[in-house]
Amino acid sequence: MHITTHHKKVPEDKDGTYILTYDANDEEEEEWRFTRASRRRGDPCYHYTVLDQAWRATNITTKYKMCDRNIKWKGWYRLFYNGKSLQMPERCVPVNKCGTQAPLWLAGPHPKRRQGIVTRRVCGHWKKNCCAFRSTPIQVKKCRGNYYVYKFTPPTACYLAYCADINTLVCGRCRRNQSCVSRDKINWRCKRKKRMSSTKIHFFASFPGQLVGKVNRIKYSKVLVNVGRAFNRRTGVFKAPVKGVYQFFFSTQTSNTGLKTDLWLVVNGYWVSVSHTHISRPSSVGNLSTYMTFLRRGAVVYVTQNCGKSWANAASMTITFGGSLLAQ
């Protein structure tokens, strides 16, 4: 259904606010509007006063200081600037902005739509104190269409006035591949986001000899693959260069009857996975274990032999350690 509505302009009130009303085109639309209105009755998202006063913008300094304590606030309001929807600033605004001496800003985040109506503190900046004036709390609601309505209350003193964040217009134009940035948190601009490079981490190493008894940290000296250079052949330690999901594997082989051999994967000091062999008759047995986990940047991973005897020579790959970054 396509509905056309008309705005009926009304004179400006003494406090500089405008009230928006709608006219129906025909009886069918009037009936549709009546049904919709009956559902929305009492919802401030559809019953608010438009507050379109240029002096409230965060970049405005005026000669005459305004004070919202002198206004008889009633009901809910939506902030505009030259006909464009704005929201209150969530950060400290410099003094003598917003057409007043101590600008009022929202000391807390705007709510999400599922939160409904919330109560937020309001602070006034004065004499290098961002919350020198703690005004009466107000109510805020997010509406469909990505705008907010406010139930303003008279400030505690003069000269204090509610601000409209002009940067809403700037940040609202940012594309999905852009972020809104500022150096001084006063002037904002859209900046292209840095693409996260796809980091490739792969390593594979072996120990070309025999390990007997307890070895605190196996130093895999024969490194065949080390993409990303995250594995240190001198120490046998892998150090995660980025945050992500990693998969590791490590192996051992033993040929001593009745001897138990355990190799453990150690992550940040915790023994998390074992490669175990235990044979009861003369033979040679190998075991390969794998482990997948999430690691933060700087996490340390290595392999220790807790007991037994692992066998290898320069030509074999029976005592190995390797891993890859699966997802960043």
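All values reported here derive from a predicted model rather than from experimental measurement.
Taking CH2 of W105 as the start and CZ of R121 as the end, the distance is 7.5 Å to the nearest 0.5 Å. In this structure, CG in N70 is found 8.5 Å from CE in M66, a value given to the nearest 0.5 Å. Rounded to the nearest 0.5 angstrom, Q328 CD and K200 NZ are separated by 12.5 Å. Note: Q101 CD to C67 SG = 9.0 Å, rounded to the nearest 0.5 Å. In this structure, CG on L326 lies 9.5 Å from OH on Y246, to the nearest 0.5 angstrom. Rounded to the nearest 0.5 angstrom, T100 OG1 and Y162 OH are separated by 11.5 Å.
For K141 and D43, the salt-bridge test passes: some basic side-chain N is under 4.0 Å from an acidic carboxylate O. A salt bridge is absent between D165 and R56: the closest approach of a Lys/Arg side-chain nitrogen to an acidic carboxylate oxygen does not fall below 4.0 angstrom.
Using a distance-only test at 3.5 Å, with no hydrogens or angles considered, a donor-acceptor pair links the side chain of Q305 to the main chain of L211. The backbone N or O of K74 lies less than 3.5 Å from a partner atom in the side chain of Y77, making a donor-acceptor pair. At least one donor-acceptor pair closer than 3.5 Å links the side chain of S251 to the backbone N or O of T320. Of the possible donor and acceptor atoms, none in the side chain of S324 sits under 3.5 Å from a partner among the backbone N and O of H202. Side-chain atoms of T254 do not come within 3.5 Å of backbone N or O of T277 as any donor-acceptor pair. Of the possible donor and acceptor atoms, none in the side chain of R233 sits under 3.5 Å from a partner among the backbone N and O of V223. Side-chain atoms of R69 come within 3.5 Å of backbone N or O of P155 as a donor-acceptor pair. A donor-acceptor contact shorter than 3.5 Å is absent between the side chain of N306 and the backbone of D262. Panel note: side chain K222, backbone A314; a donor-acceptor pair is recorded below 3.5 Å. Distance alone, capped at 3.5 Å, is enough to place a donor-acceptor pair between the R120 side chain and the P109 backbone.
Counting heavy atoms of neighbouring residues, nucleotides and ligands inside a 6.0 Å radius, atom NZ of K214 exceeds 12 of them. By the neighbour-count criterion of 12 heavy atoms within 6.0 Å, atom OH of Y159 is sparsely surrounded, having that number or fewer from other residues, nucleotides or ligands. Surrounding NZ of K239 are at most 12 heavy atoms belonging to other residues, nucleotides or ligands under 6.0 Å away.
Summarising the geometry of S85 relative to T168, their closest heavy-atom pair is O-CG2, 4.1 Å, with the distance given to 0.1 Å. Nearest approach of T153 to P137, heavy atoms of both residues: OG1-O, 3.5 Å. Shown here for T261 and G308, the closest heavy-atom pair between the two residues is OG1-CA, 3.5 Å.
Linking Ile, Leu, Val, Met, Phe, Trp and Tyr whenever their side-chain heavy atoms come within less than 4.5 Å puts V215 and V301 in one cluster. By the rule that hydrophobic residues join a cluster once side-chain heavy atoms approach within less than 4.5 Å of another member, I218 and V266 end up as members of separate clusters. By the rule that hydrophobic residues join a cluster once side-chain heavy atoms approach within less than 4.5 Å of another member, V272 and W264 end up as members of separate clusters. Cluster membership check: L325 does not share its hydrophobic cluster with L224, using side-chain heavy-atom separations under 4.5 Å among Ile, Leu, Val, Met, Phe, Trp and Tyr. Cluster annotation: F249 and V227 are assigned to the same hydrophobic cluster (Ile/Leu/Val/Met/Phe/Trp/Tyr, side-chain heavy-atom contacts under 4.5 Å, transitive).
The side-chain heavy atoms of V95 and W126, taken from C-beta on, include a pair separated by under 4.5 Å. A 4.5 Å side-chain heavy-atom check between K97 and I60 finds every atom pair outside the cut-off. Put simply, the side chain of T252 does not reach to within 4.5 Å of the side chain of T318, judged on heavy atoms. Counting only heavy atoms from C-beta outward, the side chains of N167 and L86 never approach each other to under 4.5 Å. Annotation: side chain of K65 is in contact with side chain of N96 (closest heavy-atom distance under 4.5 Å). The side-chain heavy atoms of F250 and L263, taken from C-beta on, include a pair separated by under 4.5 Å. A 4.5 Å side-chain heavy-atom check between I117 and V140 finds every atom pair outside the cut-off. A heavy-atom distance below 4.5 Å is not found between the side chains of Y81 and Q53.
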### Task
Could you go through the side chain to side chain contact (heavy atoms under 4.5 Å, CB included) check for K84 and L169 one step at a time?
CA-CA 8 Å; K84 296 181 180 179; L169 302 178; 3.6 Å; yes
### Query
Between Q115 and K142, is a side chain to side chain contact (heavy atoms under 4.5 Å, CB included) present by the stated rule, with each step listed?
CA-CA 8 Å; Q115 293 178 278; K142 184 174 184 179; over 6 Å; no
### Message
Apply ring pair (Phe, Tyr, Trp, His ring centres under 6.0 Å) to residues Y46 and W76 and explain how you reach the verdict.
### Response
CA-CA 10 Å; Y46 304 97; W76 291 78; over 10 Å; no
### Query
Run the side chain to side chain contact (heavy atoms under 4.5 Å, CB included) check on V303 and R217 step by step: do they pass?
CA-CA 6 Å; V303 178; R217 186 169 63 241; over 6 Å; no
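If you check the gamma sulfurs of C190 and C180, they are not less than 2.5 Å from each other. Cysteines C98 and C163 are disulfide-linked, with SG atoms closer than 2.5 angstrom. Sulfur-sulfur distance for C130 and C123: not below 2.5 Å, with no disulfide indicated.
Under 3.5 Å, the side chains of Q178 and R175 contain no donor-acceptor pair of N or O atoms. Using modelled atom types, one finds no donor on one side chain facing an acceptor on the other under 3.5 Å when comparing T304 with N216. Donor-acceptor pairing under 3.5 Å is lacking for the side chains of Q253 and S310.
Ring centroid separation for the pair H110 and Y150 comes in under the 6.0 Å cut-off. Aromatic pair Y302/F238: ring centres not closer than 6.0 Å. No close placement of the W311 and F207 rings is indicated, their centers lying 6.0 Å or farther apart.
Screening F248, F204, F203 against F231 for a ring pair (Phe, Tyr, Trp, His ring centres under 6.0 Å) leaves a single residue, F203.
Note: F321 and Y220 have tilted aromatic rings, judged against thresholds of 30 and 60 degrees for the angle between ring planes.
Geometrically, R78 engages Y147 in a cation-pi contact, judged by NZ or CZ lying under 6.0 Å from the ring centre and within 45° of the ring axis.
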